[in-house]
Structure formats: structure tokens, C-alpha cells
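Working notes, structure below.
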Amino acid sequence: MAPQFQIPKVQKAAIVETTDAPLKVVDNHPVKQPEELAPGECLVQLDCSGVCHTDLHARQGDWPLQAKLPLIGGHEGVGRIVAIGAHTQNSPVQVGDRVGIKWLAYSCLDCEPCRKGLEQSCLKGKYSGFTVDGTFSQYVVSWVTHVTPIPDGIESAEAASILCAGITVYRAIKYSRTHIGDWIVLPGAGGGLGHLAVQYAVAMGLRVVAVDTGAEKKELCMKLGAEKWVDFKETKDLVKDIVEATDGLGAHAAVVTAATGAAYAQAIDYLRMGGTLMVVGLPARASLSADIFFTVTKSITIVGSYVGNRQDAREALDIAARGKVKCYYQLKPLSALAETYEGLAEGKVVGRVVLNMKE
């Protein structure tokens with residue numbers, strides 16, 4: 001018999017009413033009741049939610065695409081399913097299951113991108129904390145076909161950040177055309193995405209050049225397995241330092257997780273012949289500039305990589321659950337969300353911040 005849950009009428013949630021209004025944390029936001037769920041929908045009681053740079057962009061409204069308003073942000077939630085909509089057919093998850101809520105809340109599974117494995121680019125896609133309310137709340141509505149089962153062996157707070165940051169960098173490395181023993185450069189290596197990228201790269205047999213700034217981030221990156229460190233604020237010639245660190249030939253690939261246009265600007269110069277540039281970090285407004293002559297003559301491949309599909313999510317979580325990747329995070333209450341946004345904006349967050357939804 002399925003477990004029974006007492007579901008309240010109201011909940012605590014962090015709400016963005018307008019992009020220029022202060023973030024509001026309320027304790028009387030309505031909870032969608034089981035009888036209100038459509039077929040295929042599920043209600044998840046959240047234990048925690050990670051905070052991502054994307055949430056800051058949604059809150060500030062500085063992307064070319066605008067989030068819905070008012071908005072409950074967040075897209076790295078972990079919790080238990082407490083209800084499933086009546087008449088849901090062949091649900092892959094059940095009431096009581098521990099699941100994760102990702103950036104991709106829903107995809108149609110039938111348009112051309114979906115059929116080709118690009119569910120995250122679905123023509124009818126819905127996105128947590130952007131086009132639908134997300135995980136900065138105690139309860140969230142999602143879809144049974146798109147919540148991700150959380151494997152045993154990983155704590156909910158650690159799994160939270162794997163659901164976006166982990167999936168994103170795992171997929172980017174997976175498609176970077178690298179092989180065991182190749183050099184990979186990771187600008188932004190000490191940040192939320194970057195510190196996970198270091199570990200996935202090491203787990204996949206790659207040699208890591210970490211690029212970031214500050215003693216604390218250097219210590220973290222080297223502890224996680226990076227072989228080389230370049231501080232972009234201290235170096236006199238970043239390209240020269242990276243090329244010298246990679247056998248004098250340049251890196252086989254770069255996965256840029258930093259959310260600045262400058263991090264992309266020199267990548268073509270430090271990649272070796274046949275290298276791959278994976279475009280991941282999303283600055284608010286920036287253009288990708290690459291020297292066309294050297295992009296062509298060096299046979300460089302430039303690939304945009306956008307989060308990941310449902311299979312990428314399961315693979316990324318499985319690697320983490322087996323102890324190959326560990327998310328370094330600080331656990332804070334939902335009331336700390338505004339100050340967390342300030343830290344992200346200033347580049348001062350080391351690792352990840354996860355919000356405790358049980359407080």
C-alpha cells in the first residue's frame with residue numbers, strides 16, 4: 001500500500017514579484033492539492049534545493065529570454081513524491097519515491113529535438129524556476145516522466161546540485177571528443193559547475209588545467225584532482241601558461257563554465273590542433289568571438305552544450321552515488337537566498353549553496 005502524507009494548504013516559498021522588487025519569503029503560499037493535479041503531474045515535498053547562477057539571471061531578468069513573473073525560482077530540488085494526479089497511466093515513479101527536480105521540468109518527447117535526444121531543447125519545453133514555478137518552496141508540482149529517481153548512496157543535499165551543475169558539466173565533457181589522458185581546460189573551475197567538472201573529468205581519465213582565481217578555489221581544485229592551476233588575475237599571459245601546462249601543444253578541449261564572455265575569448269588560442277570548445281556558461285549578454293582564420297586552420301570544433309537529457313541525469317547521479325564525484329556545498333535556510341544571490345553576483349561562492357526546505 002502506498003504511503004499516506006498529510007499535505008498542508010499553504011507553504012513557505014521565496015517569490016520574485018518583479019525584477020526590481022526585493023525577494024519576498026512568505027509562509028502562506030498555496031500548495032496544490034492532490035485532487036487538483038492533472039494526469040501525469042506529481043506533487044513533491046522538498047527536502048532541499050541547490051542555488052544556481054541561472055536562478056540569479058531569472059531573478060534579475062537579464063537574459064534575452066524572460067522568466068515568468070511572479071516567479072518561484074529554483075531547479076535543483078530533491079524530495080519525496082507525496083501525490084500523483086488521478087488517471088496517470090504507467091507512472092515510472094510512485095508515491096514515496098525520492099526524486100529530483102531539474103531545469104527541464106517537462107518535454108513533449110515527440111518533437112524533432114526530443115526524438116533526437118535533445119529533450120532539453122524541446123519545442124514545447126517547460127523549465128523549472130523559469131517558465132513554471134521551481135524549487136525555492138516546500139512543495140513543487142512536476143511531471144512523473146521527468147522527475148529523476150535519486151539513487152541510494154548519495155545524500156539529498158549533495159544530489160541537489162548534481163541535478164543541474166553536475167548534469168551540465170558531465171554532458172559537456174561527455175561530448176567534448178576527449179579520450180583518456182587528454183588535457184582539458186576548465187575556466188571557472190572553483191565555482192559551482194567548475195568544481196564538479198574537475199571531478200567528472202578526472203573520473204573520465206582526463207588531465208585537468210583549472211582556471212580561476214583565489215587561494216581558496218586553488219586549494220579546492222587541486223584537492224579534487226586538477227594537475228595544473230592558472231590564476232587568471234595573476235597570470236601575465238593566460239594563453240602561454242595554459243599551452244606550456246599542456247605539453248606545449250595546447251589543450252584537447254575546454255569546457256567553459258564561467259558566466260563571462262571574457263572566459264571564451266582566448267579559448268581558440270590555447271586549444272591544440274583539432275581541439276574542442278564546449279560552450280556552457282551563460283553570461284547575461286555576450287557574443288562568442290573566435291578568430292575565424294585560426295578556428296579553421298586549427299580544425300577547432302565549437303559545440304554548444306545545454307544542461308542534459310533524462311539519461312544524462314541518471315548517468316551523472318550514478319557516478320556521484322558511487323563516490324566518484326562529491327559536491328562541496330554550504331547548507332543554508334531559505335531566508336539566506338537573497339545573500340546567496342549577492343555572493344553569486346560577486347563571484348564569491350566557492351562550490352555550491354544548498355537551501356534546507358525543512359527549516
Side-chain angles (χ1 to χ4, degrees), residues 51-53 56 161 165-166 168-169 172-173 176 178 181-204 206-272 275-284 286 288-291 294 300 325-330 340 342-353:
V51 184
C52 177
H53 216 105
L56 177 61
S161 293
T168 298
V169 297
I173 297 168
S176 65
T178 48
D182 284 354
W183 284 104
I184 189 165
V185 178
L186 301 174
L193 275 77
H195 89 286
L196 294 173
V198 171
Q199 297 174 79
Y200 278 111
V202 170
M204 295 160 80
L206 302 177
R207 306 179 71 184
V208 173
V209 178
V211 179
D212 215 315
T213 189
E216 191 177 3
K217 290 186 175 182
K218 177 182 180 179
E219 181 182 357
L220 176 62
C221 291
M222 301 309 285
K223 182 170 71 173
L224 295 178
E227 290 189 37
K228 305 285 186 178
W229 166 264
V230 177
D231 190 311
F232 67 80
K233 286 189 177 178
E234 293 183 358
T235 180
K236 293 182 171 61
D237 190 333
L238 183 136
V239 171
K240 180 173 179 285
D241 288 350
I242 291 176
V243 171
E244 287 181 353
T246 52
D247 306 324
L249 297 172
H252 297 86
V255 175
V256 180
T257 60
T260 64
Y264 290 98
Q266 295 169 301
I268 300 301
D269 296 331
Y270 63 65
L271 287 171
R272 68 176 61 192
T276 302
L277 171 60
M278 301 300 296
V279 181
V280 177
L282 291 174
L288 179 62
S289 58
D291 187 293
F294 288 109
I300 299 296
V325 171
K326 182 173 180 59
C327 180
Y328 287 77
Y329 64 88
Q330 304 169 60
T340 300
E342 292 176 9
L344 285 171
E346 295 168 3
K348 294 181 178 178
V349 174
V350 179
R352 211 72 171 165
V353 171

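Fair warning: this is a prediction, and the values are worked out from it, not measured in the lab.
Residues satisfying the side-chain contact (heavy atoms from CB on, under 4.5 Å) test with A253, not counting sequence neighbours, are S176, T178, I184, T276. Applying the side-chain contact (heavy atoms from CB on, under 4.5 Å) test to E219 and every residue at least two apart in sequence or in another chain returns nothing.
Of all the heavy atoms in R352 and C52, the pair that sits closest is NH2-CB, 3.3 Å. Nearest heavy atoms, V280 versus A172: CG2-CB, 3.7 Å. Of all non-hydrogen atoms in L196 and V325, the two that sit nearest each other are CD2-CG1, 3.7 Å. Between V256 and A263 the shortest heavy-atom distance is CG1-CB, 3.7 Å. Of all the heavy atoms in A201 and V208, the pair that sits closest is CB-CG2, 3.6 Å.
Between the side chain of D212 and the main chain of K217, no donor-acceptor pair closer than 3.5 Å is present. No donor-acceptor distance shorter than 3.5 angstrom exists from the side chain of H195 to the backbone of L220, with no hydrogens or angles considered. Side chain of D231 to main chain of G214: a donor-acceptor pair is present (N/O by atom type, distance under 3.5 Å, no hydrogens or angles). Listed for the R272 side chain is no donor-acceptor partner under 3.5 Å among the backbone atoms of W183.
With rounding to the nearest 0.5 angstrom, the CG atom of L344 is 10.5 Å from the CD atom of E342. Distance check, rounded to the nearest 0.5 Å: CH2 of W229 to SG of C221 gives 5.0 Å. Taken to the nearest 0.5 Å, the NZ atom of K233 stands 5.0 Å off from the OG1 atom of T213. The CG atom of L288 sits 7.5 Å away from the OH atom of Y264 when rounded to the nearest 0.5 Å. Within the model, atoms OG1 of T246 and NZ of K228 stand 9.5 Å from one another, a figure rounded to the nearest 0.5 Å. In this structure, the separation between CD on E227 and CE on M222 is 8.0 Å, given to the nearest 0.5 Å.
With respect to Y270, the side-chain contact (heavy atoms from CB on, under 4.5 Å) criterion is satisfied by exactly one of V209, D241, I242: I242. Across L186, T168, L193, a single residue satisfies side-chain contact (heavy atoms from CB on, under 4.5 Å) together with T257, and that is L193.
Residues F232 and Q266 fail the side-chain proximity criterion, which asks for heavy atoms closer than 4.5 Å.
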